[in-house]
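This report concerns only the one structure given below.
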Amino acid sequence: MAAHRRSAHRKPKQRPLTGSAARTAATLALAGAATAGSVTGAGAAPAEPAPTATQVRAKVDRLYHDAEVATEKYNGAKEEAATATRAVDALADEAARRTARLNTARHALGSLATAQYRSGTLDPAVQLALSSDPDAYLQRASYLDRAGDRQNGLLRGIRRQVSQITRVKARADQETERLAARRAELREHRTAIRTKLADARKLLDTLTADERAAYERAADARHGGGASHADRSADRAPVAAPNSRAAQAIAFAHGAIGKPYVWGATGPNAFDCSGLTQAAWKAAGVSLPRTTYTQINAGTRIPRSRLAPGDLVFFYSGISHVGLYIGDGQMIHAPRPGAPVRIAPVDEMPFAGATRVA
């Protein structure tokens with residue numbers, strides 16, 4: 001009986017399918033797999049379509065603009081870092097000079113103390129009573145009083161020098177911290193610039209050769225034409241300027257036409273936008289600050305209706321671009337990476353203000 005129950009619970013053997021039965025099973029398995037695949041795919045997000053050439057061009061323009069904003073911040077941080085470096089160096093020199101004076105005073109005090117020790121420490125009244133020559137003693141006592149005054153003066157000088165050195169070192173510590181902060185900003189802005197320019201290049205690489213050429217032509221048109229236009233512009237007669245300094249600045253800018261845009265560059269072989277205007281006015285004997293957002297306050301602000309050759313013209317709400325006005329609605333500027341210094345219309349970018357330097 002037990003054997004019968006065990007045999008009843010045994011699994012029947014599976015016979016292999018053959019012929020039409022096998023073909024039917026395979027068909028059902030394939031159908032099931034296809035159904036499972038379609039169910040799985042239904043939940044997955046569809047792939048994003050590749051950006052159009054127009055979208056790529058817009059993104060590239062935005063990246064170039066953002067890179068220029070970061071460039072001006074980099075220029076400002078670099079200028080502040082240079083100022084902080086000079087301050088740290090000056091304070092270090094001052095601390096060294098004061099320390100030398102302190103050491104001299106300490107040496108003088110040590111010499112005076114040694115001389116007093118060697119002279120003895122008898123009470124002055126006893127020395128007077130025992131002296132065979134009271135007049136000579138009184139003269140020596142007067143000298144000792146003067147030596148005591150000198151000692152007190154040396155001590156006061158030492159205390160003053162120590163206090164001054166402490167203050168100088170505290171200022172040096174503050175400037176060192178400021179310098180470290182500016183250097184950190186430099187690294188941050190440098191990374192941002194390189195990242196944005198690299199992203200722009202990657203996007204441009206997604207365009208076909210014809211699309212890339214179309215983008216470059218459109219960008220050149222917005223920024224005043226291609227290199228051939230820039231070369232021809234250099235041969236123009238000098239633009240009449242209101243004074244000799246403005247004329248010198250314009251002449252320098254004309255001489256820079258065709259030179260490449262390089263972020264952070266101030267010449268003589270490459271420029272960014274504020275580097276060009278700074279160098280142009282430096283050639284005229286005028287020192288401008290380094291960045292667009294400081295150059296706009298380096299002279300007298302004027303309305304657009306009063307523009308004259310030599311004025312600085314600024315663009316975008318963040319004051320991130322600058323050019324040198326040369327008259328007839330034109331300026332000379334360093335546009336962007338890949339576009340050399342050239343003549344361009346002032347209307348090509350959102351106007352933000354103008355400054356008359358001299």
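Atoms considered below: every heavy atom in the structure, side chains included; atoms not considered: hydrogens, waters and symmetry mates. These numbers come from a predicted model, not from an experiment.
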If you look at every heavy atom in [X] and [Y], which pair is closest and at what distance?
{"X": "W263", "Y": "Y261", "answer": "N-CE2, 3.7 Å"}
{"X": "A70", "Y": "A192", "answer": "CB-CB, 4.3 Å"}
{"X": "P337", "Y": "L197", "answer": "CG-CD2, 3.6 Å"}
{"X": "V262", "Y": "A270", "answer": "CG2-CB, 3.6 Å"}
{"X": "Q248", "Y": "A283", "answer": "NE2-O, 4.2 Å"}
{"X": "A247", "Y": "A241", "answer": "N-CB, 3.6 Å"}

Measuring from atom [atom1] of [X] to atom [atom2] of [Y], what distance do you get when rounded to the nearest 0.5 angstrom?
{"X": "R178", "Y": "Q174", "atom1": "CZ", "atom2": "CD", "answer": "10.5 Å"}
{"X": "E216", "Y": "R57", "atom1": "CD", "atom2": "CZ", "answer": "11.0 Å"}
{"X": "T195", "Y": "D66", "atom1": "OG1", "atom2": "CG", "answer": "12.0 Å"}
{"X": "D61", "Y": "L203", "atom1": "CG", "atom2": "CG", "answer": "11.0 Å"}
{"X": "Y325", "Y": "L307", "atom1": "OH", "atom2": "CG", "answer": "5.5 Å"}
{"X": "R356", "Y": "T300", "atom1": "CZ", "atom2": "OG1", "answer": "8.0 Å"}

Backbone N/O of [Y] and side chain of [X]: donor-acceptor pair under 3.5 Å:
{"X": "R342", "Y": "P340", "value": "yes"}
{"X": "T291", "Y": "N75", "value": "no"}
{"X": "N297", "Y": "T294", "value": "no"}
{"X": "Q330", "Y": "G327", "value": "no"}
{"X": "K59", "Y": "A200", "value": "no"}
{"X": "N243", "Y": "R245", "value": "yes"}

> Is it true that V69 and F271 fall in one hydrophobic cluster, defined by side-chain heavy atoms closer than 4.5 Å?
Replying inline: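 Shared cluster, no.
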> Out of curiosity, does V168 fall in the hydrophobic cluster containing L179 (side-chain heavy atoms, cut-off under 4.5 Å, transitive links)?
Replying inline: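 No, separate clusters.
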>> For a side chain to side chain donor-acceptor pair (under 3.5 Å) check, start with the C-alpha distance between Q295 and T277, then their side-chain angles and the critical distance, and finish with the verdict.
In response: CA-CA 9 Å; Q295 287 183 8; T277 50; 2.8 Å; yes
> With a 4.0 Å cut-off, would you call R171 and E175 a salt bridge?
Replying inline: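 Salt bridge: no.
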> Are the charged groups of D272 and R290 less than 4.0 angstrom apart, N to O?
Replying inline: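 R290 and D272: salt-bridged.
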>> Tell me every residue that passes side chain to side chain contact (heavy atoms under 4.5 Å, CB included) with T166, counting only those two or more places apart in sequence or in another chain.
In response: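 Partners of T166 by the side chain to side chain contact (heavy atoms under 4.5 Å, CB included) criterion, ordered by chain and then number, come out as V162.
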> Given E185 and R182, is the salt bridge (charged side-chain N to carboxylate O under 4.0 Å, His left out) satisfied, shown in steps?
Replying inline: CA-CA 5 Å; E185 283 184 31; R182 296 296 83 78; 2.7 Å; yes
pair [X]-[Y]: side-chain heavy atoms closer than 4.5 Å:
{"X": "T85", "Y": "R183", "value": "yes"}
{"X": "H254", "Y": "I332", "value": "yes"}
{"X": "K169", "Y": "I165", "value": "yes"}
{"X": "R306", "Y": "P303", "value": "yes"}
{"X": "P309", "Y": "P242", "value": "yes"}

>> Is it the case that the side chains of S274 and E72 hold a donor-acceptor pair, with the cut-off being a distance below 3.5 Å and no angle test?
In response: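 Yes, because at least one side-chain N or O of E72 sits under 3.5 Å from a partner of the opposite role on S274.
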> Taking atom types as modelled and ignoring hydrogens, do the side chains of T83 and R86 form a donor-acceptor contact shorter than 3.5 angstrom?
Replying inline: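 A donor-acceptor contact under 3.5 Å links the two side chains.
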>> Check this for me: K78, atom NZ, are more than 12 non-hydrogen atoms of other residues, nucleotides or ligands nearer than 6.0 Å?
In response: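 No, NZ of K78 has 12 or fewer neighbouring heavy atoms, counting only those of other groups under 6.0 Å.
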>> Set out, in order, the CA-CA distance, both residues' side-chain angles and the distance that settles side chain to side chain contact (heavy atoms under 4.5 Å, CB included) for L324 and H333, then state yes or no.
In response: CA-CA 6 Å; L324 185 71; H333 74 145; over 6 Å; no
> Using 30° and 60° as the class limits, which term best fits the ring planes of F315 and H321: parallel, tilted or perpendicular?
Replying inline: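 Geometry flag for H321 against F315: tilted rings.
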>> Please list all pairs meeting side chain to side chain donor-acceptor pair (under 3.5 Å) that have one or both residues in residues 199-209, counting only residues at least two apart or in different chains.
In response: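 Non-adjacent pairs meeting side chain to side chain donor-acceptor pair (under 3.5 Å): T208-E211.
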>> Please determine whether side chain to side chain donor-acceptor pair (under 3.5 Å) holds for the pair D210 and Y215, giving the CA-CA distance in whole Å, both sets of side-chain angles, and the decisive distance to 0.1 Å.
In response: CA-CA 9 Å; D210 289 343; Y215 170 78; over 6 Å; no
> Can V357 and L288 be said to form a side chain to side chain contact (heavy atoms under 4.5 Å, CB included), step by step?
Replying inline: CA-CA 9 Å; V357 178; L288 289 183; 3.9 Å; yes
>> Would I302 and D311 count as a side chain to side chain contact (heavy atoms under 4.5 Å, CB included) here? Give the steps.
In response: CA-CA 9 Å; I302 56 171; D311 292 341; 3.0 Å; yes
> Quick one: does NZ or CZ of R190 land under 6.0 Å from the six-membered ring centre of Y74, within 45 degrees of the ring axis?
Replying inline: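 No, a cation-pi geometry is absent between R190 and Y74.
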>> Would you say the ring centers of H65 and Y316 fall short of 6.0 Å from each other?
In response: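 Judged by ring-centre distance (under 6.0 Å), H65 and Y316 do meet the cut-off.
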> For T292 and L312, what are the C-alpha separation, side-chain angles and deciding distance, and is it a side chain to side chain contact (heavy atoms under 4.5 Å, CB included)?
Replying inline: CA-CA 10 Å; T292 52; L312 302 177; over 6 Å; no
